[in-house]
Number of protein chains: 2
Amino acid sequence: MYLLHCNMKSTSLPKLHSDFSVDCVIFGFDEGELKILLIERNEPPFEKWQALPGNLAYDNEDIDEAAQRVLYELTGISGVFMKQLYAFGKIDRHPQGRVITVAYFAIIKRTDEGLHPVTSYAKKAFWCPANDLPKLAFDHKEIAQHGIQVLRNTIKYEPIGFELLSEEFTLSQVHHLYEAILEKSIDKRNFRKKIMSFDLLTALKKKKPGVAHKAPWLYKWNKDKYEKLKEKGFVFEI
Amino acid sequence: MYLLHCNMKSTSLPKLHSDFSVDCVIFGFDEGELKILLIERNEPPFEKWQALPGNLAYDNEDIDEAAQRVLYELTGISGVFMKQLYAFGKIDRHPQGRVITVAYFAIIKRTDEGLHPVTSYAKKAFWCPANDLPKLAFDHKEIAQHGIQVLRNTIKYEPIGFELLSEEFTLSQVHHLYEAILEKSIDKRNFRKKIMSFDLLTALKKKKPGVAHKAPWLYKWNKDKYEKLKEKGFVFEI
DNA sequence: GCAAAAGTGTTAACTTTACACCCATGT
DNA sequence: ACATGGGTGTAAAGTTAACACTTTTGC
């Protein structure tokens, strides 16, 4: 393997080592639209291109932790629960040589506060409509596309949609979120019936103020109750 | 990054490079039991240990192709369609240094013919009951366990079970396969009704010979028809 | 003739779908 | 008073789940 080219002490087994990167596909939801978090790169290769937040991992860094760090450095966002999406390994996907990348996936309550790169690797971080992505660096467009597919599949069987909304939300917001992500219309009455049948929303005793029509009730997602039910084998399904 | 330690020409951007491995979780089904394909290692580290078929990839090798090659070299099996399972990246998972591994997943018609290592990296290849795995090299037990989970989820929504059976099979074989993988009993009449309702099995006009009871009819999986239906949005679900 | 597995239908409970009008609020 | 989105129920169709006996074959 390549390390034999370096002048190392000859030991019984050569020391191995990986260079690899992580890329983050982060979803938000705003103005009835699904958004993906992008950065503008400030370093070669692909300087000035738009890209997913991603970078090389350190040698002594766990792959999951690398994703956390890279997301923070490039966007200022921290403490997000990310799931591994897929490893992308085409041999020419990186112009500087063989680098495989592990893509991570998360959905968050969209915010613009604190959305600033912490290092100079990125010029800026911004939200982009998920179905109107520009040309992206590396194979990031393929990665983002794959993320959207996984989001669509996941949202049907896991209650991740609530992570995209603010703490308190209306049933219509949930309804519109599902319609936007699944890209199909869903009967309002049937949707409400189903979502309420799980008995996993806490009805707040207040209505959304300042709307020019009948004020909707507000709800909260009851995560604790969901976790308990899930342990007993309950499966959320829309 | 580490390559700076080597005496390379100084260029504007350092050349990057990954060392990583692939590991294959291959399922077979035999004697009513789910099996996983293992090897006995013939090289350090973990010499003489049992392990999943896996090895380092070459620099100029696509990640998916590496999985094909490694499986062939260690077990003699080729031409299997493998899907990526997960990337495992704990920093200490490989005793020689930082190596991330990409696990691949496939299910095949179990055979002992041609089940022989082609290189000397493995002493032998053999099938092992999936719910009675021995201690395995590296983090391979965790990888195998993850593979079993994915198999259970996948078999409910995709007709991959037929890939585990021989070309011609009986309905009882399918029924027992599902019971074995999902580890629960399934009503015989309801199961047969459902599986026949898809209209995706071709009934052969012959019965299985040489059985000491009523001879069962044989069927074939109609893959072409399934692929066409799938394009139109059909979802197989047990 | 008996052991072993194959094969077969009906009913009740539940889930899903389709569908249209009145209500509360701000301007 | 009107425009806007909020909120509600029922019936028909389809799906799932529970359940037991007869048939064929080799020994």
Side-chain angles (χ1 to χ4, degrees), chain A residues 29-33 155-157 159 161 165-166 168-180 182 184-220 229 233-238, chain B residues 29-33 155-157 159 165-166 168-180 182-220 229 233-238:
Chain A
F29 186 74
D30 188 39
E31 293 160 20
E33 212 180 24
I155 207 164
K156 282 192 233 166
Y157 301 107
L165 298 171
S166 53
E168 305 185 348
F169 50 81
T170 70
L171 288 185
S172 290
Q173 283 178 299
V174 182
H175 183 207
H176 292 142
L177 176 91
Y178 272 82
E179 289 192 325
L182 298 177
K184 65 171 190 184
S185 68
I186 303 171
D187 181 88
K188 181 166 60 157
R189 276 181 288 191
N190 292 338
F191 181 84
R192 288 173 163 248
K193 237 181 295 168
K194 176 158 237 171
I195 211 102
M196 294 312 280
S197 74
F198 300 133
D199 201 18
L200 284 168
L201 297 187
T202 307
L204 304 179
K205 285 177 186 78
K206 55 184 176 180
K207 298 186 173 186
K208 191 173 177 177
V211 287
H213 52 76
K214 182 172 178 178
W217 291 100
L218 290 167
Y219 296 85
K220 264 191 176 173
L229 279 173
F234 168 79
V235 180
F236 179 95
E237 186 178 347
I238 291 290
Chain B
F29 186 73
D30 188 42
E31 293 159 21
E33 211 180 24
I155 207 164
K156 282 191 233 168
Y157 301 106
L165 298 171
S166 53
E168 304 184 349
F169 51 81
T170 69
L171 288 185
S172 292
Q173 284 178 299
V174 182
H175 183 208
H176 292 142
L177 176 92
Y178 272 82
E179 289 192 325
L182 298 177
E183 288 186 319
K184 66 171 190 184
S185 69
I186 302 171
D187 181 87
K188 182 166 60 158
R189 277 179 289 189
N190 292 338
F191 181 84
R192 291 167 87 103
K193 237 180 293 168
K194 177 159 236 170
I195 211 102
M196 295 311 282
S197 74
F198 301 133
D199 201 18
L200 285 168
L201 297 187
T202 306
L204 305 178
K205 286 177 186 78
K206 56 185 176 179
K207 298 184 174 189
K208 192 172 175 177
V211 286
H213 52 77
K214 183 171 178 177
W217 292 100
L218 290 167
Y219 296 85
K220 265 191 176 173
L229 279 174
F234 168 79
V235 179
F236 179 94
E237 184 177 350
I238 291 288

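Numbered from 1 within each chain, the chains take letters A, B, ... in sequence-line order. The shown structure was predicted, so the numbers you read here are calculated from the model rather than taken from an experiment.
Side-chain proximity of A:Asn190 to the nucleotides D:dG9, D:dA20, D:dG5 is greatest for D:dG9. Between C:dA24, C:dG7, D:dG9, one nucleotide has an atom nearer to the side chain of A:His213 than all others, and that is C:dA24.
Atom P of nucleotide D:dG7 and atom CG of A:Leu171 are separated by 6 Å, given to the nearest angstrom. Per the geometry, CD1 belonging to B:Ile195 stands 13 Å off P belonging to D:dT16, to the nearest Å. Following rounding to the nearest Å, A:Lys184 (NZ) and C:dA18 (C1') show an atom-to-atom distance of 15 Å. Rounded to an integer number of Å, the gap from NZ of A:Lys214 to P of D:dG6 is 10 Å. Per the geometry, CZ belonging to A:Arg192 stands 7 Å off P belonging to D:dG6, to the nearest Å. Rounded to whole Å, atom P of D:dT23 lies 17 Å from atom CH2 of B:Trp217. Computed from coordinates, the A:Arg189 CZ to C:dC21 P distance equals 10 Å when rounded to whole Å. Atom pair A:Phe191:CZ and D:dG7:C1' shows a separation of 15 Å (rounding to whole Å applied).
Between A:Phe234 and A:Phe198, the angle of the ring planes goes over 60°, which puts this pair in the perpendicular group of the 30/60° scheme.
Residues A:Lys208 and A:Gln173 are in side-chain contact: their nearest non-hydrogen atoms beyond the backbone lie under 4.5 Å apart. B:Tyr157 has its side chain out of reach of B:Phe236: every pair of non-hydrogen atoms, C-beta onward, lies at least 4.5 Å apart.
Residue contacts for B:Ser172: at a heavy-atom cut-off of 4.0 Å it reaches the sugar-phosphate backbone alone, with no base atom in range. Residue A:Lys188 is classed as a base contact, given a heavy-atom separation below 4.0 Å to a base.
Between the side chain of B:Lys193 and the base of C:dT10 there is at least one donor-acceptor pair of N/O atoms closer than 3.5 Å.
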key: side chain to side chain contact (heavy atoms under 4.5 Å, CB included) evaluation trace for B:Lys156 with B:Leu182   = CA-CA 9 Å; B:Lys156 282 191 233 168; B:Leu182 298 177; 4.0 Å; yes

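The 5' end of DNA chain C is approached more closely, in terms of each residue's nearest nucleotide, by B:Thr170 than by the other of A:Ala212 and B:Thr170. Summary of the strand contacts: A:Pro216 and A:Asp187 both lie near DNA chain D, and taking for each the nucleotide with the nearest heavy atom, the more 5' one is attributed to A:Pro216.
For the pair B:Met196 and B:Tyr219, the tightest heavy-atom approach, listed with the atom from each and the gap, is CE-CE2, 3.8 Å.
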